[in-house]
There are 2 protein chains.
Amino acid sequence: MTAPFILDSRLAGDTFVVGDLPLSRVLLMNDARFLWLVLVPRQSGLSEIMDLADDDQTVLWGEVNAATRTLRDAEPCNKINIGALGNIVRQLHVHVVARREGDAAWPGPVWGSGKAVPYDNATSSELVGRLRESLSLL
Amino acid sequence: MTAPFILDSRLAGDTFVVGDLPLSRVLLMNDARFLWLVLVPRQSGLSEIMDLADDDQTVLWGEVNAATRTLRDAEPCNKINIGALGNIVRQLHVHVVARREGDAAWPGPVWGSGKAVPYDNATSSELVGRLRESLSLL
């Protein structure tokens with residue numbers, strides 16, 4: 001029997017749930033400095049990309065592309081940053097972040113860069129709604 | 001006529017060439033603090049993963065998996081970090097880095113972390129040889 005998927009508590013605490021794509025739960029990082037999505041394949045016991053079955057890896061990278069398109073549609077950006085690190089949170093998750101020249105971490109990485117600036121409630125609700133629509137999750 | 005592939009001069013200056021996989025040139029970052037490969041698809045004009053044709057994206061992620069296996073075979077590590085950033089060097093490239101608890105940047109990202117420690121010549125030659133063998137590039 002397969003263990004159920006449970007979202008890591010740290011990821012849950014740092015993000016808003018946008019919704020579920022076929023493989024991944026899509027999260028919005030609660031940091032208004034960056035438009036930042038996190039994709040978490042809904043399977044237990046994964047920590048590396050290679051822990052996923054080959055077919056699921058293909059689905060994951062397709063979902064990363066969908067997240068990329070959604071970020072580009074949501075706001076102008078100069079570069080998309082994609083990262084699978086997991087040094088702190090071991091549950092497999094992939095970051096997809098819209099970067100703008102001059103943003104709070106530019107040109108460095110967003111990970112470990114300063115302190116998150118939480119969204120206010122109205123902004124996060126509106127943004128999650130727009131992201132859900134863009135990802136066809138409505 | 002397609003423009004020829006020319007490796008970005010900054011990437012070239014920071015790395016040793018390991019060899020060519022079917023899609024990507026494999027580079028070893030000249031930083032003895034981390035066992036760190038960089039994969040650069042040998043096509044001109046790419047800056048985002050999505051700039052690659054779908055089939056080539058599949059090949060790229062397969063080559064990232066091969067790089068992952070090679071790093072794990074080369075030394076014990078706790079986590080593989082995968083990143084496609086490109087904020088500074090826009091030519092599409094994917095980092096694949098073996099991370100060890102307590103390494104020079106742990107648990108933060110390697111990008112932008114301190115100053116690279118160059119390999120001595122004997123170590124880099126030996127390491128490139130081992131990596132070529134592990135990637136079946138001999």
Side-chain angles (χ1 to χ4, degrees), chain A residues 10 34 36 39 46-73 77-114, chain B residues 10 34 36 39 46-73 77-114:
Chain A
R10 179 155 176 158
F34 310 104
W36 180 344
L39 273 60
L46 307 174
S47 74
E48 301 283 2
I49 300 286
M50 287 185 62
D51 296 338
L52 274 172
D54 287 352
D55 287 354
D56 286 338
Q57 291 183 37
T58 303
V59 174
L60 174 62
W61 296 122
E63 294 182 351
V64 167
N65 287 349
T68 297
R69 279 188 290 268
T70 286
L71 293 179
R72 284 171 158 179
D73 288 348
C77 64
N78 300 107
K79 192 70 192 68
I80 297 292
N81 288 179
I82 296 170
L85 289 83
N87 304 334
I88 297 170
V89 171
R90 288 298 167 98
Q91 182 173 63
L92 178 63
H93 59 287
V94 179
H95 302 270
V96 188
V97 192
R99 300 300 305 275
R100 286 166 283 105
E101 289 177 15
D103 71 27
W106 189 266
V110 293
W111 307 286
S113 173
Chain B
R10 180 157 175 156
F34 310 104
W36 180 344
L39 273 60
L46 306 174
S47 74
E48 300 284 0
I49 300 287
M50 286 184 63
D51 295 339
L52 275 172
D54 287 353
D55 286 355
D56 287 338
Q57 291 183 38
T58 303
V59 174
L60 174 61
W61 295 123
E63 294 182 351
V64 167
N65 287 349
T68 297
R69 280 188 290 267
T70 286
L71 294 179
R72 284 172 160 178
D73 288 348
C77 64
N78 300 105
K79 193 68 192 69
I80 298 292
N81 288 179
I82 296 169
L85 288 83
N87 304 333
I88 296 170
V89 171
R90 287 299 167 96
Q91 183 173 63
L92 178 63
H93 59 288
V94 179
H95 302 270
V96 189
V97 193
R99 302 299 307 275
R100 286 166 284 102
E101 289 178 14
D103 71 27
W106 189 265
V110 293
W111 306 286
S113 172

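Protein chains get the first letters and strands the later ones, always in sequence-line order, with residue 1 at the start of each. Note that these values count all heavy atoms, side chains included, but never hydrogens, waters or copies made by symmetry.
For B:Arg100, no part lies under 4.5 angstrom from a heavy atom of chain A. Of the atoms belonging to A:Ile49, it is side-chain heavy atoms, and not backbone ones, that fall under 4.5 Å from chain B. Looking at A:Asn78, both its backbone and its side chain come within 4.5 Å of chain B, counting heavy atoms on both sides.
Of all the listed residues (A:Thr58, A:Asp54, A:Ile82), the one sharing the greatest number of non-hydrogen pairs under 4.5 Å with chain B is A:Ile82. Between chain B and the options A:Ile88, A:Asn81, A:Val110, the largest number of non-hydrogen pairs under 4.5 Å is found for A:Asn81. Residue with the most contacts toward chain A among B:Pro107, B:Gly112, B:Ser47, B:Gly108: B:Pro107 (heavy-atom pairs, distance under 4.5 Å).
In this structure, A:Trp111 and B:Trp111 have tilted ring planes: the angle between them lies in the 30° to 60° band.
If you take NZ on B:Lys79 and CG on A:Asn87, they are separated by 7.0 Å, rounding to the nearest 0.5 Å.
The pair B:Arg90-A:Glu101 counts as a salt bridge, with a side-chain nitrogen and a carboxylate oxygen less than 4.0 angstrom apart.
Here the closest heavy-atom approach between residue B:Met50 and residue A:Asn65 is recorded as CG-OD1, 3.2 Å.
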